[in-house]
Amino acid sequence: MLVEVLTRVVLVVGFLLPISVGLFIGRKRLATTRTEWRSRIRVAAPAILALSVVLLVSRLIRWGGVDSDIGFHMTETIRQLEGEFVLIFLGVSSPELTSYLTFIYIYGYTFLLVFPVVAYFALSDTKMFRRLLTAYAFNYAIGLVLYVLVIAYGPRNVFVEQLLTGSGSSPMIYEHSVEYKYLTREVNRNTNVFPSLHTSLSATVGIFAYLTRSSYPKWFPVAGVISVSVIISTMYLGLHWGIDVLAGLALATLCVALSYRLVGRWSLSELYERLLESKWF
């Protein structure tokens with residue numbers, strides 16, 4: 001079943017990417033990319049390597065599991081601070097809205113993360129591409145540390161009865177989409193809620209879309225709509241608390257700031273270029 005679900009995600013994203021490339025990137029940039037892609041990869045190699053290592057470590061830790069005694073159990077604390085805020089979404093839930101936000105949470109989110117990688121790689125100046133990958137790496141690295149330190153269950157585990165019976169149209173994602181069950185078994189745990197990485201990564205893409213709106217003016221509003229939809233979906237579907245979302249927004253801001261501070265100021269790419277040109281590499 002997992003293979004079927006992943007295949008479906010690949011097909012949907014694979015369908016959206018060519019359309020988006022044509023709409024937002026254009027033939028001129030694609031033509032230039034075909035002749036410069038090797039040099040761009042060499043320059044961006046440190047950022048690519050850093051993100052790859054972070055993703056690998058994250059995957060290994062999730063496979064191996066983490067001792068639950070390491071972190072602090074914060075479910076009740078978060079619930080007391082926030083109350084029943086997420087249950088507000090029960091009042092506006094509908095089958096159509098649930099279907100849309102479920103699609104956005106699974107497929108829209110994946111597309112949102114993948115397309116900017118292609119779009120910024122298509123720019124002759126690799127700085128924005130490197131900043132994006134660096135921001136991604138910081139999001140996953142800091143998020144992983146916080147998941148170990150903060151052990152908390154989401155609203156779907158705490159308010160399960162209200163979410164299932166509180167209205168005629170339950171917005172709980174695993175009541176409507178088997179994709180969620182299988183995908184989260186592979187990439188997430190029930191206690192990985194603080195912060196919301198869906199929120200932080202979506203907001204990161206939204207911030208970058210704003211910062212590059214002169215290069216990709218048509219992409220900015222599209223990225224904004226998808227990003228906001230993903231963020232809303234995390235609470236609407238009972239997956240994250242409002243506090244998780246606020247933490248995710250703060251994390252996104254921090255990661256973008258760190259990427260701007262490091263990329264272009266540290267000489268990792270220049271050092272890598274010198275090593276390539278030297279007889280020792």
Side-chain angles (χ1 to χ4, degrees), residues 5 8-17 19-21 23-24 85-119 132 135-136 139 143 154-156 163 167 169-181 183-184 187-188 192-213 216-253 255-256:
V5 172
R8 200 178 307 163
V9 172
V10 170
L11 289 175
V12 171
V13 175
F15 173 76
L16 293 174
L17 273 180
I19 297 174
S20 301
V21 167
L23 287 175
F24 305 124
F85 170 74
V86 294
L87 295 183
I88 293 174
F89 293 104
L90 284 176
V92 296
S93 63
S94 69
E96 296 77 17
L97 186 57
T98 300
S99 296
Y100 167 71
L101 291 177
T102 299
F103 180 89
I104 284 292
Y105 184 84
I106 297 172
Y107 302 102
Y109 172 71
T110 305
F111 166 75
L112 187 67
L113 297 190
V114 173
F115 176 72
V117 175
V118 178
L132 177 73
Y136 279 1
N139 269 284
R156 67 189 184 277
L163 288 168
S167 72
S169 174
S170 169
M172 291 188 76
I173 188 172
Y174 49 76
E175 290 295 306
H176 293 268
S177 178
V178 295
E179 289 94 329
Y180 173 73
K181 294 180 180 179
L183 284 177
T184 52
V187 302
N188 221 333
N192 289 354
V193 300
F194 182 91
S196 165
L197 279 186
H198 264 65
T199 294
S200 67
L201 287 164
S202 297
T204 295
V205 172
I207 294 171
F208 271 99
Y210 173 78
L211 295 171
T212 58
R213 64 194 184 280
Y216 293 119
K218 296 179 181 179
W219 166 242
F220 171 51
V222 174
V225 170
I226 299 176
S227 297
V228 171
S229 296
V230 171
I231 293 169
I232 292 174
S233 74
T234 63
M235 295 178 289
Y236 177 90
L237 298 170
L239 303 171
H240 285 284
W241 304 92
I243 289 175
D244 303 332
V245 169
L246 290 177
L249 293 173
L251 178 59
T253 304
C255 291
V256 173

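The distance from the CG atom of Leu237 to the CZ atom of Phe89 is 10.0 Å, given to the nearest 0.5 Å. Here NE2 of His198 is found 8.0 Å from CG of Leu239. Values are rounded to the nearest 0.5 Å. Between the CG atom in Leu97 and the CG atom in Leu101 there is a gap of 4.5 Å [rounded to 0.5 Å]. Taking CD1 from Ile207 and OG from Ser202, the interatomic distance works out to 11.0 Å, rounded to the nearest 0.5 Å.
Here the shortest heavy-atom pairing between Tyr236 and Ser94 reads OH-N, 3.2 Å. Across Ala247 and Phe194, no two heavy atoms sit closer than the pair CB-CE1, 3.5 Å. Minimum heavy-atom separation, Arg156 to Val193: NH1-CG1, 4.4 Å.
Residues forming a side chain to side chain contact (heavy atoms under 4.5 Å, CB included) with Leu251 (at least two apart in sequence, or on another chain): Asn139, Ile142, Pro195, Leu197, Ser200, Cys255. Considering only residues two or more places apart in sequence or on other chains, Phe24 meets the ring-ring contact (aromatic ring centres under 6.0 Å, His included) condition with Phe115, Trp219. Residues forming a ring-ring contact (aromatic ring centres under 6.0 Å, His included) with Phe103 (at least two apart in sequence, or on another chain): Tyr107. Listed by chain and residue number, nothing satisfies the side-chain hydrogen bond (donor to acceptor under 3.5 Å, both in side chains) test with Ser20 (two or more places apart in sequence, or in another chain). Listed by chain and number, the residues in a side chain to side chain contact (heavy atoms under 4.5 Å, CB included) with Thr199 are Ser196, Ile231, Thr234, Val245, Leu249 (sequence neighbours excluded). Remark: Val118 pairs with Val21, Ile25 by the side chain to side chain contact (heavy atoms under 4.5 Å, CB included) rule, at least two apart or across chains. Legend: residues meeting ring-ring contact (aromatic ring centres under 6.0 Å, His included) with Phe15, ordered by chain and number and at least two apart, are absent. For Ile226, the side chain to side chain contact (heavy atoms under 4.5 Å, CB included) criterion is met by Phe111, Leu112, Val222, Val230, not counting sequence neighbours.
In this structure the side chain of Pro116 reaches within 4.5 angstrom of the side chain of Tyr136, judged on heavy atoms. Under the 4.5 Å side-chain criterion, counting only non-hydrogen atoms from C-beta, Leu113 is not in contact with Val117.
Put simply, the side chain of Tyr216 gets close to the backbone of Ala119: a donor and an acceptor are under 3.5 Å apart. Judged purely by atom type and a 3.5 angstrom limit, Tyr100 has no side-chain atom pairing as donor or acceptor with the backbone of Ser229.
By the 30° and 60° cut-offs, the orientation of the rings of Tyr105 relative to Tyr109 is parallel.
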